[in-house]
Each structure stands twice: as structure tokens, then as C-alpha cells.
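One-based numbering, in listed order, for ligands and for the atoms of each. Please read these numbers as outputs of a predicted model, since none were measured by experiment.
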Amino acid sequence: MTMTTTESVIAFNRPHMTGEEAGLIAAALAERSLEGDGRYTGRATELLTKMVGASSALLTTSCSHALDMSALLLDLEPGDEVVMPSFTFPSTANAYALRGAVPVFVDVRPDTLNMDELQIEAAITPRTKAIVVVHYGGVACEMDTVMAIADRHGLPVIEDNSHGLGASYRGRPLGSIGVMATQSFHATKNAHCGEGGALLFNDAGYLKRAEIIREKGTNRRQFFRGEIDKYQWMDLGSSFLPSDVLAACLVAQLENFAAIQARRLQVWDVYQEQLAGWARENGVVQPTVPAECAHPAHLYYLLLPDLERRTALMAHLAGRGVKTAFHYLPLHSAPAGRRYGRTVEGGCPLTERVADQLLRLPVYTDLSDHDVERVLDGVTSFRV
Ligand SMILES: *Cc1c(COP(=O)(O)O)cnc(C)c1O
């Protein structure tokens with residue numbers, strides 16, 4: 001099939017609206033519930049906590065801010081180290097570098113593109129204070145091994161679970177395994193409110209101080225619960241709580257998460273099935289999902305043989321009105337990564353390679369069957 005001039009461009013991402021956002025936002029406004037920690041924040045928090053099976057959660061203004069809070073909770077000091085993948089979004093590293101800690105970058109596994117758990121131990125030193133994992137595309141890291149290493153060294157594990165809402169590892173929801181986990185509700189994520197996030201706890205010991213950090217370093221939340229008769233400056237903190245209006249938007253998304261996911265998973269499965277023959281014939285690698293992982297169809301990627309051919313396929317698809325995207329530029333070789341981070345011995349050669357090879361196809365709830373057909377025709381009409 002060739003593209004006709006009447007066919008519209010297929011966007012790389014389109015934030016899905018369930019149809020219930022406007023009503024809930026209007027209700028929040030009518031109730032004058034605009035500041036943080038109102039009724040809708042409560043509802044969204046409860047939905048999220050149940051979905052992930054975490055012991056508690058706090059909504060935040062972004063995943064970046066949830067990561068910032070995790071760094072404050074770890075009491076990092078200048079020169080402390082935090083082990084993490086190089087193949088992630090800058091926020092994962094920023095949070096800890098902002099506290100003066102050194103992000104220590106580890107390479108990825110070639111199959112899941114997650115941090116290679118077998119290289120974590122080589123990155124650990126007496127200054128290591130935490131291990132941060134990112135479940136790439138919501139396909140779980142090898143968490144049994146990661147947790148065993150963390151236990152052996154007495155280190156907390158933080159899950160940057162921005163991609164992994166609704167996913168699981170050996171039947172356990174992602175976000176419920178580390179001591180803390182962060183979620184993103186940015187418009188590019190599966191459930192969103194434009195800008196938003198959450199910090200989840202699986203160790204009750206962090207919650208009390210986290211509430212203070214999130215409320216400008218004050219015990220204001222305890223005051224509003226009637227537990228104390230005045231509130232004051234208790235600790236370092238900032239304003240990490242979102243408006244209740246945005247929480248109302250998130251309630252709509254979380255209540256309809258099953259429907260959002262059903263379509264995303266359908267699109268993902270069609271790509272995986274329909275592109276298998278083409279990928280084999282053209283030396284293109286499709287995503288690997290280990291048997292112990294249930295993924296949330298956060299993204300779908302192809303690994304082309306090299307940058308030149310990735311660029312060529314991207315242009316070929318753009319010519320047919322299909323927008324695609326590459327993904328993370330390695331952190332270890334980025335200007336700030338070199339300035340603030342350290343890289344494990346041997347570097348991150350796989351991270352550098354996949355950053356050049358990876359192309360993401362559109363995956364979202366609003367894609368029609370016809371859109372999906374056009375993406376498939378576009379890809380399979382390309383000879384690598
Ligand atoms: C999206 C994302 C973030 C940042 O999320 P925000 O909510 O935009 O701050 C952090 N880490 C990863 C892995 C992400 O994908």
C-alpha cells in the first residue's frame with residue numbers, strides 16, 4: 001500500500017484521554033479542591049497503591065521529583081555513589097548528582113536492554129549507597145539477582161518504574177520489589193496527567209520523613225491530620241505535591257487503566273507477530289520479553305544493524321507519514337554524565353551500540369487498525 005495525499009500523519013505518541021477527565025477536573029474545581037492532597041489526590045493514591053501492591057505512595061509533581069525525594073531520603077553525601085544504568089533518562093542520574101553523589105554507570109544486557117545485573121557487583125565500592133534499576137519498556141530487570149546482590153551488600157534498591165506500571169516480574173508487580181519505586185504520569189507514559197509522578201514505598205520506615213520532605217520540609221501533613229497543633233520546619237524539603245486538579249485527571253486514567261492497556265498490548269502483539277519474518281530476513285532484532293516478565297506495552301522497538309540503517313528506516317517511514325523516534329543517548333558519555341558520573345571498568349559499549357540501533361514505533365491506545373497496518377506496511381516495505 002502506498003500513502004495517498006489524503007492520509008494523515010501518524011504521530012509517534014498521542015496522549016490518550018479516557019473521556020472522564022473533564023468531568024472529574026470540573027468536579028475538583030467546583031469543590032475548590034485545587035491545592036495538593038485533596039480528595040482526588042487521595043483517590044489516585046489509593047488506586048495506584050492497590051495497582052502496584054506497594055505499602056504506601058505519595059503523588060508528586062513528576063517522576064523526576066519522586067527521584068529527587070528518594071535521594072533526600074537516602075541522606076546522600078558528596079562522594080557517595082549510586083549504581084544505575086547508562087541507558088536511561090537523565091532524571092535517574094540528576095536526582096543523586098544533585099545531592100553531590102556520583103552516578104556509577106553500568107552497561108545493559110543485549111536482550112532486554114536493562115542494566116546487566118552481572119556487572120552490578122563490579123560497580124560497588126565502599127561509597128555505594130544505593131542501586132537504581134530502570135525496567136526498560138516495562139520489561140523487568142532480573143530482580144532476583146539484583147535483590148540478592150543488594151542484600152549481600154546491605155544496599156537499598158530503588159525502582160525507576162516510569163515505564164513499568166501494570167507490569168510484573170514472577171507475578172510481582174513492578175514497583176513493589178525495591179524499598180522505593182518511582183512512577184511517571186508524564187503525557188508520554190501509559191497513564192498520565194500531563195505532568196505528574198509518584199513515590200512508592202515498600203518499607204514503611206521512609207513514609208513519615210517523605211511526607212515532610214514533600215511538604216517543604218514541614219510537618220504540615222501531620223498538622224492537617226490533627227496529629228499536632230502547629231507545623232514547623234523539620235527537615236530539608238521542597239514542594240513536591242501536585243495540584244488536586246491534576247490528580248483528578250489521573251483518577252480518570254487509573255480507573256480506566258485496563259482499557260488503556262488492552263489496546264496498547266494488542267498493538268504491541270501485532271507488531272511483534274507481523275514483523276517477525278521481516279526482522280529475521282533483514283537482520284533486525286525485535287524486543288525480548290523473558291518468560292518471567294509480563295510487560296505493559298510501554299514501547300515497541302526494533303534494533304537495526306547500525307545508525308545508518310536506523311536513520312534510513314526512520315526517513316523511509318517519515319516519507320510514508322509514520323513518525324518514529326530513537327531513544328536514550330547514553331548518560332555515561334553525555335556532557336553531564338562525564339562531569340558528574342563515573343563509568344564501570346570496560347565502559348558501556350552495548351549501551352552505545354543500541355542507542356544508535358534502536359527505533360521506536362508508535363504504540364498508543366488511539367492508534368486505529370488502519371494506522372497499525374500503515375506502520376507495518378511502512379516497515380516491511382523497507383529493505384535493510
Ligand atoms: C519519563 C521518565 C522519567 C521522568 O519522568 P517525569 O515524570 O517526566 O519527571 C524518568 N525516568 C525514566 C526512565 C523515564 O522514562
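Among the atoms of Ser91, none of the N or O lies under 3.5 angstrom from an N or O of ligand 1. Polar contact check, His163 against ligand 1: a nitrogen or oxygen pair lies under 3.5 Å apart. For a threshold of 3.5 Å applied to N or O pairs, the pair formed by Val134 and ligand 1 contains no separation below that value. At under 3.5 Å, a nitrogen or oxygen of Tyr328, whether backbone or side chain, sits near a nitrogen or oxygen of ligand 1. The shortest N or O to N or O distance between Glu195 and ligand 1 is not below 3.5 Å.
With respect to the salt-bridge test (charged N to carboxylate O, under 4.0 angstrom), the residues Asp37 and Arg214 qualify. Contact check on Glu31 versus Arg39 returns a salt bridge, with a Lys/Arg side-chain nitrogen under 4.0 Å from an Asp/Glu carboxylate oxygen. Contact check on Asp306 versus Arg309 returns a salt bridge, with a Lys/Arg side-chain nitrogen under 4.0 Å from an Asp/Glu carboxylate oxygen. For Arg109 and Glu117, the salt-bridge test passes: some basic side-chain N is under 4.0 Å from an acidic carboxylate O. Checked for salt-bridge contact, Glu35 and Arg220 meet the test: a charged N lies under 4.0 Å from a carboxylate O. Salt-bridge check for Arg320 with Glu7: failed, with every basic side-chain N at 4.0 Å or more from each acidic carboxylate O.
Heavy-atom contacts of Lys189 reach the following atoms of ligand 1: 1 (C), 2 (C), 14 (C), 15 (O) (cutoff under 4.0 Å). For ligand 1, the atoms lying closer than 4.0 Å to a non-hydrogen atom of Cys63 are 4 (C), 5 (O), 6 (P), 7 (O), 9 (O), 10 (C). If you number the atoms of ligand 1 from 1 as listed, the ones under 4.0 Å from a heavy atom of Ser64 come out as 4 (C), 6 (P), 9 (O).
Ring centers of His65 and Phe240: under 6.0 Å apart, within the cut-off. If you look at His298 and Tyr136, their ring centroids are not closer than 6.0 Å.
Among Asn161, Asp160, Thr61, the residue whose heavy atom lies closest to atom 11 (N) of ligand 1 is Asp160.
The closest approach between any non-hydrogen atom of Gly196 and ligand 1 is below 4.0 Å. Under a 4.0 Å heavy-atom criterion, His65 is not in contact with ligand 1.
Connection of Val267 to Phe12 is not established within any shared hydrophobic cluster, with ILVMFWY side chains joined at heavy-atom distances below 4.5 Å, either directly or through further cluster members.
Heavy atoms of Thr88 found under 4.0 angstrom from ligand 1 belong exclusively to the side chain. The side chain of Ser162, and not its backbone, has at least one atom closer than 4.0 Å to an atom of ligand 1 (non-hydrogen atoms only; side chain from C-beta on).
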